[in-house]
Student: 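Have a look at this one.
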Amino acid sequence: MEIWFSEVQTPHVKFSVRVDRQLYSGKSEFQRIDVFESPEFGRMLVLDGYIMLTEKDEFIYHEMMTHIPMAVHPSVKNVLVIGAGDGGIIRELTKYPEIAHIDMVEIDEQVVEVCRKYLPQTACRLDDPRVEIHYEDGLRFVRSRENQYDLIIVDSTDPFGPGEGLFTREFYGNCNKALKEDGIMINQHESPFYDEDAISCQRMHKRIVESFPISKVYHAHIPTYPSGHWLFGFASKKYHPLRDLNDIAWNMRGISCRYYTTTLHKGAFYLPYYVEEMLENVE
């Protein structure tokens, strides 16, 4: 008998993946956590019925969240990562020897423990000595920080449930305050394709534009995310993602990536017209 996992992406659309077995199912204080094994995508982390990552395409998301700002900012020493319990962002950040310290704030300790056990491909660098894990609310954590970080990466879940507070005007304002005078903030910006998701994109973009002098949006293709078309936000106090890209210096590092290149970096900020129009029509 075939077993299929289906994620409801809109009231009229489901995304289904055939699975061989369920490796884990549990409920934490915050959410339901499932891990499935699939023949096409490998292991899949699912929170409250929504796919957070699969082994086959997670590299796209994590590389685009991490290497875009690292190729722009000339001197990242201290990093704050909010969410990211699967460890993929940490794995990419630890490829940079100049980073001295990474604070990772994850509200759900059970997600981290499940990923350590079932998703070692992403959780492989959580024990790096530069990483300090804080199991608490990201909104509360960032409130008490000021002029501390060169880079903040907000690897949040969707704008409801445990991650809801990470999409507010207060949160983005506190991130601005927690960054140094030339700091960069990166966040996942949802999909622009379906109407309900597009509204979330618009609200998020408006709040970030109000909080940062430089605010740009870039995109990538991630097959298992709703519509496959995914946006990211680049917000900064000083650096422009294209004018300040130092592609020669980044390429000389010799960092191995499967998706990110500095050529792709430039192209990622050129958006389809329907996305440009959506971001401009923010009420």
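These numbers come from a predicted model, not from an experiment. Along the sequence shown, residues carry numbers from 1.
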Student: Yes or no on salt bridge (Lys or Arg N to Asp or Glu O under 4.0 Å) for Glu63 and Arg258, after CA distance, side-chain angles and deciding distance?
Tutor: CA-CA 8 Å; Glu63 288 182 13; Arg258 294 175 59 206; over 6 Å; no

Student: Given His67, which partner from the list Tyr259, Tyr96, Tyr218 fulfils the ring-ring contact (aromatic ring centres under 6.0 Å, His included) test?
Tutor: Tyr96

Student: Strictly by modelled atom types, are Ser28 and Asp108 linked by a side-chain donor-acceptor pair under 3.5 Å?
Tutor: yes

Student: Less than 4.5 Å apart, side chain to side chain, heavy atoms only: is that true for Phe5 and Asp34?
Tutor: no

Student: Between Arg32 and Ser25, is any pair of side-chain heavy atoms under 4.5 Å apart?
Tutor: yes

Student: Can you confirm whether Glu181 is buried at CD, in the sense that more than 12 heavy atoms of other residues, nucleotides or ligands lie under 6.0 Å from that atom?
Tutor: no

Student: Would you call the rings of Tyr61 and Tyr225 parallel, tilted or perpendicular, taking 30° and 60° as the class edges?
Tutor: perpendicular

Student: Honestly curious: do Leu271 and Ile199 fall in one hydrophobic cluster under the side-chain, below-4.5 Å linking rule?
Tutor: no

Student: Evaluate whether atom CD of Glu196 has more than 12 neighbouring non-hydrogen atoms of other residues, nucleotides or ligands under 6.0 angstrom away.
Tutor: no

Student: Counting only heavy atoms not in Lys117 (residues, nucleotides, ligands), do more than 12 fall under 6.0 Å from its NZ?
Tutor: no

Student: Calculate, to the nearest 0.5 Å, the distance between atoms OG and OH belonging to Ser200 and Tyr194 respectively.
Tutor: 14.5 Å

Student: Between the side chain of Glu106 and the main-chain N/O of Gly85, is any donor-acceptor distance below 3.5 Å?
Tutor: yes

Student: Please assess Ile133 against Glu109 for the test side-chain contact (heavy atoms from CB on, under 4.5 Å), listing each intermediate value before the final yes or no.
Tutor: CA-CA 9 Å; Ile133 302 177; Glu109 185 173 359; over 6 Å; no

Student: Any chance you could measure Asp57, atom CG, to Met44, atom CE, to the nearest 0.5 Å?
Tutor: 9.5 Å

Student: Only one of Leu119, Ile222, Thr224 passes side chain to side chain contact (heavy atoms under 4.5 Å, CB included) with Leu53; say which it is.
Tutor: Leu119

Student: Is it possible for you to say whether Val154 and Val209 belong to one hydrophobic cluster, with membership spreading through side-chain heavy-atom contacts below 4.5 Å?
Tutor: no

Student: Between atom NE2 of His189 and atom CG of Leu279, what is the distance when rounded to the nearest 0.5 Å?
Tutor: 6.0 Å

Student: Tell me, yes or no, whether the heavy-atom count around Asn147 atom CG, taken from other residues, nucleotides or ligands under 6.0 Å, exceeds 12.
Tutor: yes

Student: For the residue pair His265 and Ile68, establish whether any side-chain heavy-atom pair is separated by less than 4.5 Å.
Tutor: yes

Student: Minimum heavy-atom separation for Tyr24 and Gln110, please, with both atom names.
Tutor: OH-NE2, 2.8 Å

Student: Hey, mind stepping through Asn251 and Thr262 against side chain to side chain donor-acceptor pair (under 3.5 Å) and telling me if it holds?
Tutor: CA-CA 8 Å; Asn251 287 317; Thr262 51; 3.0 Å; yes

Student: Checking Asp247 against Lys266 for the salt bridge (Lys or Arg N to Asp or Glu O under 4.0 Å) test, could you report, in this order, the C-alpha distance in whole Å, the side-chain angles of both residues, the deciding distance, and whether it holds?
Tutor: CA-CA 10 Å; Asp247 49 356; Lys266 299 165 190 172; 3.1 Å; yes

Student: Under the salt bridge (Lys or Arg N to Asp or Glu O under 4.0 Å) test against Asp150, which residue among Lys77, Lys180, Lys237 passes?
Tutor: Lys180

Student: Establish, from distance only, whether the side-chain atoms of Gln148 and Glu146 form a donor-acceptor pair under 3.5 Å.
Tutor: no

Student: Can you classify the ring geometry of His134 versus Phe141 as parallel (below 30°), tilted (30 to 60°) or perpendicular (above 60°)?
Tutor: tilted

Student: Salt bridge (Lys or Arg N to Asp or Glu O under 4.0 Å) for Lys238 and Asp244? Distances and angles first, verdict last.
Tutor: CA-CA 9 Å; Lys238 178 179 178 180; Asp244 294 306; over 6 Å; no

Student: Using modelled atom types and a 3.5 Å cut-off, is there a donor and acceptor pairing between side-chain atoms of Lys95 and backbone atoms of Ser256?
Tutor: yes

Student: Tell me whether Ile152 shares a hydrophobic cluster with Ile214, the cluster being built from Ile, Leu, Val, Met, Phe, Trp, Tyr side chains joined at under 4.5 Å.
Tutor: no

Student: About how many Å separate CD1 of Ile208 and CG of Asn176, when rounded to the nearest 0.5 Å?
Tutor: 11.5 Å

Student: Do Tyr270 and Phe232 land in one hydrophobic cluster if side-chain heavy atoms of ILVMFWY residues count as linked below 4.5 Å?
Tutor: yes

Student: Determine, for Tyr172 and Arg207, whether the Lys NZ or Arg CZ falls below 6.0 Å from the six-membered ring centre while staying within 45 degrees of the axis.
Tutor: no

